[in-house]
Amino acid sequence: MIEKFTLDVIHIIKSIPKGKVMTYGQIAFIAGNPFGARQVARILHSMSQKEQLPWHRVINAQGKISLGGEMGIIQKSRLVDEDIIFKNDRINLRKFQYHYPNE
DNA sequence: GCTGTGACGCCAT
DNA sequence: AATGGCGCCACAG
């Protein structure tokens with residue numbers, strides 16, 4: 001049985017519109033687990049390959065990519081393609097963060 | 001059912 | 001601004 005938290009997280013991630021991003025902590029908070037940022041990361045890691053999640057729209061609270069190596073490059077270029085602007089590998093959250101409708 | 005782990009976040013230096 | 005340490009919790013082994 002998969003936790004409701006996990007399902008909520010997946011649903012929330014799927015709702016992120018193009019050109020916007022959300023942070024791990026924000027998603028976890030909305031899903032009902034204020035301290036579940038790490039679970040969000042874990043969910044992405046395990047599900048993004050199977051599910052069709054816009055995983056590249058999820059970044060950390062500092063507005064930076066949490067992945068190193070090639071995956072990080074891929075994520076960055078995907079975001080750039082959505083007109084999201086990087087300034088020294090950092091995104092302006094005040095401008096690009098998506099505020100979830102409910103809660 | 002106990003233990004380690006992680007694409008994190010926050011506060012104290 | 002940069003680092004380090006601790007907390008928190010679902011999931012795999």
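In what follows, chains are A, B, ... by sequence order, proteins preceding strands, each numbered from 1. Worth knowing before you read on, the calculation uses all heavy atoms, side chains too, and leaves out hydrogens, waters and symmetry mates.
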Student: Salt bridge (charged side-chain N to carboxylate O under 4.0 Å, His left out): which pairs involve residues 62-74 of chain A, sequence neighbours left out?
Tutor: none
Student: Any heavy-atom pair between the side chains of Trp55(A) and Met47(A) that's under 4.5 Å?
Tutor: no
Student: Return the polar atom pairs (N/O with N/O) between nucleotides 11-13 of chain B and the protein under 3.5 Å, or none.
Tutor:
none

Student: Would a distance-only check, ignoring hydrogens and angles, find a side-chain to backbone donor-acceptor pair under 3.5 Å from Asn60(A) to Gln62(A)?
Tutor: yes
Student: Starting from P on dA7(B), measure out to CD on Glu70(A) and report it in whole angstrom.
Tutor: 17 Å
Student: Could you check how far NE2 of His45(A) sits from P of dG6(B), rounded to whole Å?
Tutor: 9 Å
Student: Given atom OH of Tyr24(A) and atom C1' of dG7(C), what is their separation to the nearest angstrom?
Tutor: 19 Å
Student: Figure out the CD1/P separation between Ile27(A) and dG6(B), and round it to whole Å.
Tutor: 20 Å
Student: Could you state the interatomic distance from CG (Asp83(A)) to NZ (Lys20(A)), rounded to the nearest 0.5 Å?
Tutor: 11.5 Å
Student: What is the separation between atom CD on Gln26(A) and atom C1' on dA7(B), rounded to the nearest whole Å?
Tutor: 16 Å
Student: Any chance you could measure Ile59(A), atom CD1, to Leu67(A), atom CG, to the nearest 0.5 Å?
Tutor: 12.0 Å
Student: Just distance, no hydrogens or angles: give the donor-acceptor pairs under 3.5 Å from side chains in residues 3-14 of chain A, sequence neighbours left out.
Tutor:
unit_1: Lys4(A); atom_1: NZ; unit_2: Asp8(A); atom_2: OD2; d: 2.7

Student: Following the transitive rule for hydrophobic clusters with a side-chain heavy-atom cut-off under 4.5 Å over Ile, Leu, Val, Met, Phe, Trp and Tyr, establish whether Tyr100(A) and Val58(A) coincide in one cluster.
Tutor: yes
Student: Find the distance between CG (Asn92(A)) and NZ (Lys87(A)) and round it off to the nearest 0.5 Å.
Tutor: 8.5 Å
Student: Heavy-atom contacts under 4.0 Å between residues 72-94 of chain A and DNA chain B, which residues?
Tutor: none
Student: Let me confirm one number: the CD1-CD1 distance from Ile84(A) to Ile91(A), rounded to the nearest 0.5 Å.
Tutor: 5.0 Å
Student: Going only through I, L, V, M, F, W and Y residues with side-chain contacts under 4.5 Å, is there a path from Phe35(A) to Leu44(A)?
Tutor: no
Student: Whole Å only: how far is the CG atom of Leu53(A) from the P atom of dA7(B)?
Tutor: 16 Å
Student: Listed by chain and number, what are the side-chain contact (heavy atoms from CB on, under 4.5 Å) partners of Arg57(A), not counting sequence neighbours?
Tutor: Ile16(A), Lys18(A), Pro54(A), Leu79(A), Glu82(A)
Student: Between the protein and nucleotides 9-13 of chain C, list every N/O to N/O distance that falls short of 3.5 Å.
Tutor:
unit_1: dC9(C); atom_1: O4'; unit_2: Gln39(A); atom_2: NE2; d: 2.6
unit_1: dC9(C); atom_1: O2; unit_2: Gln39(A); atom_2: OE1; d: 2.4
unit_1: dC9(C); atom_1: O2; unit_2: Gln39(A); atom_2: NE2; d: 3.3
unit_1: dC11(C); atom_1: OP1; unit_2: Thr6(A); atom_2: OG1; d: 3.1
unit_1: dC11(C); atom_1: O4'; unit_2: Arg42(A); atom_2: NE; d: 3.2

Student: Figure out the CZ/P separation between Phe29(A) and dC8(C), and round it to whole Å.
Tutor: 16 Å
